[in-house]
Amino acid sequence: MIQTEKQAIAEVAAPLVGLAADEVAALIEYPPNPELGDLALPCFRFAKVLRKAPPAIAADLADQLAATGRFESVQATGGYVNVRVARGRVARTLISALSAHPETVFSRQSSAGDTVAIDYSAPNIAKPFGVGHLRSTVIGHALANLFRADGATVLGVNHLGDWGTQFGKVIAAYLRWGDEETVRRDPVKELFHLYVRFHAEAKDNPELDDEGRAWFKRLEDGDPEATRLWQWFIDESLKVFQAMYDRLGVSFEFTLGESFYNDKMDAVVDELRSRGLLTESDGALVVDLSEWNMPPCIILKSDGATIYPTRDLAAALYRHDVLGANRLFYVVGGEQTLHFQQVFKVLELMGRDWAANCRHVAFGMMKYNGERMSTRRGKVVYLEDVLDRAVADTRQIIEAKNPDLPDKDWVAEQVGIGAVVFNDLKNYRMHDVDFRYEDVLNFDGETGPYVQYTHARACSVLRRAASEFPSDLTTDLAPAEGPLLDSEWALVTEMGKANEVFERALAQFDPSLMARLVLDVCHAFNRFYHDAPILAAPDAQTRAFRLGLTDATRRFIAYTLGLLGLRAPEAM
RNA sequence: GUCUCAGUAGCUCAGUUGGAUAGAGCAACAGCCUUCUAAGCUGUGGGUCGGGGGUUCGAAUCCCUCCUGAGACGCCA
């Protein structure tokens with residue numbers, strides 16, 4: 001909506017400054033002070049080409065823009081052209097668009113025709129689902145939603161850690177110290193305890209490691225006992241993970257663990273060999289990448305076994321060739337940056353031009369009390385505990401503030417989990433985060449509950465309106481006579497940024513931009529709510545307009561929360 | 001040691017890809033519920049944008065350099 005105005009300005013200005021309209025539109029910004037105007041075009045950049053001082057250019061452009069009659073006012077101040085748009089018209093356009101098709105306000109379907117495979121979550125079998133897995137899960141899910149909303153066919157892939165020496169260790173530990181009944185009661189936790197114990201005891205007992213390796217070898221060779229236990233671990237783990245995904249509202253198109261590629265790696269090795277990309281080095285077969293300043297990518301270990309780059313190559317080929325993806329994203333921690341650079345480079349060397357469409361969406365590390373979490377040492381924060389605490393706290397707040405609320409448990413679940421999810425989504429991906437309960441369990445300020453609360457608040461007004469002024473909800477949304485209030489316009493402005501922020505979020509693979517935007521919208525709405533009586537507006541026309549704005553805001557928030565993977569209860 | 005990423009208010013972070021007086025939230029303090037949900041709103045205090053150079057009309061943003069932190073750097077994933 002704001003774009004339409006930017007475009008209109010750019011089309012007038014473009015021929016005068018010798019740039020394409022799109023280029024000029026990209027330069028238009030929001031003035032720091034609303035009194036200056038709604039949009040501003042800085043003219044400094046044009047000075048050199050036009051051989052004129054910026055203020056003079058601004059003055060010329062201002063005249064031209066004023067002559068169109070489209071804008072409420074146009075002023076040159078210094079090197080800027082400040083434009084005040086026809087606020088009523090812009091507001092009306094935005095409100096009706098949001099009430100008819102909210103998605104059109106965000107997306108121009110730029111990803112239509114793309115099939116994107118997004119690798120996210122990827123927890124390890126027989127290990128707990130910790131807060132450390134939250135980031136990949138939540139960011140990946142939000143990105144999947146964003147690309148789907150932009151018209152792409154999205155294939156969410158859960159690349160489970162279901163293979164490797166660790167399973168030999170778990171099997172060995174289970175056979176030594178475990179018993180079936182205890183494990184059945186709480187499989188993942190119990191297996192995890194056995195795993196931690198294994199590592200602790202292996203320190204003084206190195207032969208334990210041999211035992212683990214031996215069991216993994218048996219698993220690889222298809223030993224029935226090893227295979228049975230391994231499959232059991234997987235089944236039990238998946239049950240636990242699924243319960244977590246259900247609570248988080250996360251889903252996948254494919255759940256394909258590492259083991260899925262066991263029979264697909266020979267082909268990769270053969271192709272690399274026949275293309276002459278493999279060289280021998282200390283007994284291992286590697287792809288030399290020194291030309292690109294990278295260490296070699298190991299394909300076969302010196303014992304002839306494959307290794308994770310081999311597996312990721314096989315997985316990438318599968319996702320492209322079989323699943324039909326033309327873009328491949330990996331939502332995986334930043335510590336694996338080099339690994340993905342190597343894998344993508346090898347794909348390129350294998351002649352796969354779509355390697356350029358592979359992207360590692362890295363994120364910072366989650367720490368606890370400033371320390372790195374370690375599954376081996378048993379240092380993990382269970383996501384389940386975090387969710388439970390958040391929900392319990394929410395439940396208490398509801399009891400204190402809104403004891404008559406129906407469905408209190410369900411609302412507490414949505415809000416408590418929303419708090420945890422939003423907390424992880426609102427900040428720049430690459431920053432390390434130190435997990436602290438006091439942050440996650442804070443429901444004031446820039447938080448999920450704040451956004452959900454604002455949504456519920458808007459819903460509440462609309463519910464009242466439906467019973468008290470039903471006709472006002474159906475009339476057309478002609479704005480009241482006279483100018484919009486500052487708070488009304490500020491709200492329209494924030495929501496009007498939907499498309500540009502949405503597209504930046506896609507371009508940068510960064511859902512936090514959407515989280516920030518919805519926070520700004522909520523703040524603007526709450527200020528409007530405080531400043532302007534809605535139901536008690538001075539006249540019916542004003543009331544209808546404000547109700548329209550409230551309804552549009554409600555839809556905006558609900559839609560954005562949906563993109564981020566949060567639910568939007570109508571009361572809380 | 002080499003490479004990558006980060007460093008902005010006491011704390012957690014934004015900062016529209018180089019634009020106007022660097023902004024939020026938390027914490028602290030002071031106000032605002034006879035009126036639409038106070039999980040809210042308003043105000044006050046709080047800054048060497050890690051340091052130093054440079055590029056230009058203009059730098060938190062781009063370049064160089066140094067400092068600090070995190071991560072990665074061949075047979076784990």
Side-chain angles (χ1 to χ4, degrees), chain A residues 26-33 36 40 42 44-45 47-48 53-54 77-80 82 122 124 159 161 163-166 258 281-286 293-303 305 307-309 311-312 332-339 341 362 364-365 367 372 394 397-398 400-402 405 415 419 426-428 430-434 436 438-439 442-454 456-465 468 497 500-501 504 508 512-513 516 519-520 522-523 525-527 529-537 546 550 571-572:
Chain A
L27 297 174
I28 296 173
E29 55 197 51
Y30 301 93
N33 181 342
L36 288 166
F44 308 95
R45 190 168 304 209
K48 218 168 253 172
T77 41
Y80 293 88
N82 290 318
N124 293 317
H159 192 69
W163 201 248
T165 331
Q166 47 190 344
E258 295 170 2
S281 167
D282 293 336
L285 287 181
V286 306
N293 278 320
M294 283 188 266
C297 183
I298 299 187
I299 300 297
L300 285 182
K301 300 194 281 187
S302 45
D303 64 359
I307 187 168
Y308 64 98
R311 200 173 296 273
D312 274 344
V332 178
E335 65 275 9
Q336 292 195 39
T337 299
L338 176 60
H339 163 69
Q341 282 174 348
M365 187 160 278
K367 307 199 171 190
R372 199 170 172 161
T394 305
I397 293 172
I398 291 173
K401 304 202 176 206
N402 199 355
L405 182 73
V415 175
K426 75 176 176 200
N427 290 330
Y428 180 53
M430 287 305 288
H431 279 121
D432 288 351
V433 294
D434 193 2
R436 282 190 319 227
E438 50 179 308
D439 291 339
N442 170 31
F443 301 154
D444 297 329
E446 300 173 329
T447 66
Y450 170 73
V451 178
Q452 291 169 316
Y453 173 80
T454 306
R457 208 178 205 191
C459 288
S460 170
V461 175
L462 293 165
R463 269 195 303 276
R464 289 219 178 198
E468 292 174 34
K497 293 176 183 170
E500 60 185 72
V501 175
R504 266 188 72 212
Q508 299 179 7
S512 78
L513 298 174
R516 295 267 155 207
L519 282 171
D520 289 342
C522 287
H523 190 232
F525 176 80
N526 282 318
R527 214 162 45 215
Y529 177 93
H530 184 265
D531 288 359
I534 302 169
L535 297 175
R546 290 184 183 164
T550 302
M572 63 186 267

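So you know, we letter chains A, B, ... as the sequences are listed, proteins then strands, and number each from 1.
Contact annotation for A/A537: no contact, since no heavy-atom pair falls under 4.0 Å across all strands. Contact annotation for A/L27: no contact, since no heavy-atom pair falls under 4.0 Å across all strands. Residue A/A571 is in base contact, counting any heavy-atom pair closer than 4.0 Å across all strands shown. As judged by a 4.0 angstrom heavy-atom cut-off over every strand, A/Y450 is placed among residues touching the sugar-phosphate backbone only.
In this entry the distance linking CG of A/N427 with C1' of B/rG15 reads 13 Å, nearest Å. B/rA39 atom P lies 13 Å from atom CG of A/L405, rounded to whole Å. We find that CZ of A/R504 is positioned 11 Å from C1' of B/rA14, with the value rounded to whole Å. Here the C1' atom of nucleotide B/rU55 and the NZ atom of A/K48 are 11 Å apart, to the nearest Å. We find that CG of A/L462 is positioned 15 Å from P of B/rC36, with the value rounded to whole Å.
Residues A/A26 and A/R457 both approach RNA chain B. Their nearest nucleotides, taken by heavy-atom distance, put A/A26 toward the 5′ side.
A pairwise comparison of heavy atoms in A/M572 and A/A456 identifies CG-CB, 3.8 Å as the closest pair.
Put simply, the side chain of A/N402 never gets that close to the backbone of A/I398: no donor and acceptor are under 3.5 Å apart.
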Table of protein N/O atoms under 3.5 Å from nucleotides 2-9 of chain B N/O atoms:
from  : atom 1 : to     : atom 2 : distance (Å)
B/rA6 : O3'    : A/H431 : NE2    : 3.4

Atom pairs, protein N/O to nucleotides 19-25 of chain B N/O, distance under 3.5 Å:
from   : atom 1 : to     : atom 2 : distance (Å)
B/rG19 : O2'    : A/E29  : OE2    : 3.1
B/rG19 : O2'    : A/Y80  : OH     : 2.1
B/rA20 : N6     : A/N82  : OD1    : 2.8
B/rA20 : N1     : A/N82  : OD1    : 3.4
B/rA20 : N1     : A/N82  : ND2    : 3.3
B/rA24 : O2'    : A/E446 : OE2    : 2.8
B/rG25 : O4'    : A/E446 : OE2    : 3.4
B/rG25 : O2'    : A/E446 : N      : 3.4

Pairs counted only when both distances fall under 3.5 Å, Watson-Crick or G-U: show me the 5' to 3' dot-bracket for RNA chain B, [ ] for pseudoknotted crossings and | for other-strand partners.
(((((((..((((.....[...)))).(((((.......))))).....(((((..]....))))))))))))....
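Legend: residues meeting side-chain contact (heavy atoms from CB on, under 4.5 Å) with A/E500, ordered by chain and number and at least two apart, are A/Q3, A/K6, A/Y30, A/K497.
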Produce a footprint string for nucleotides 28-33 of chain B: one letter per nucleotide, 5' end first; B if the base is under 4.0 Å from any protein heavy atom, S if only the sugar-phosphate is, - if neither.
------
A correct 5'-to-3' footprint of nucleotides 71-77 of chain B, with B, S and - meaning base, sugar-phosphate only and no protein heavy atom under 4.0 Å, is SSSBBSB
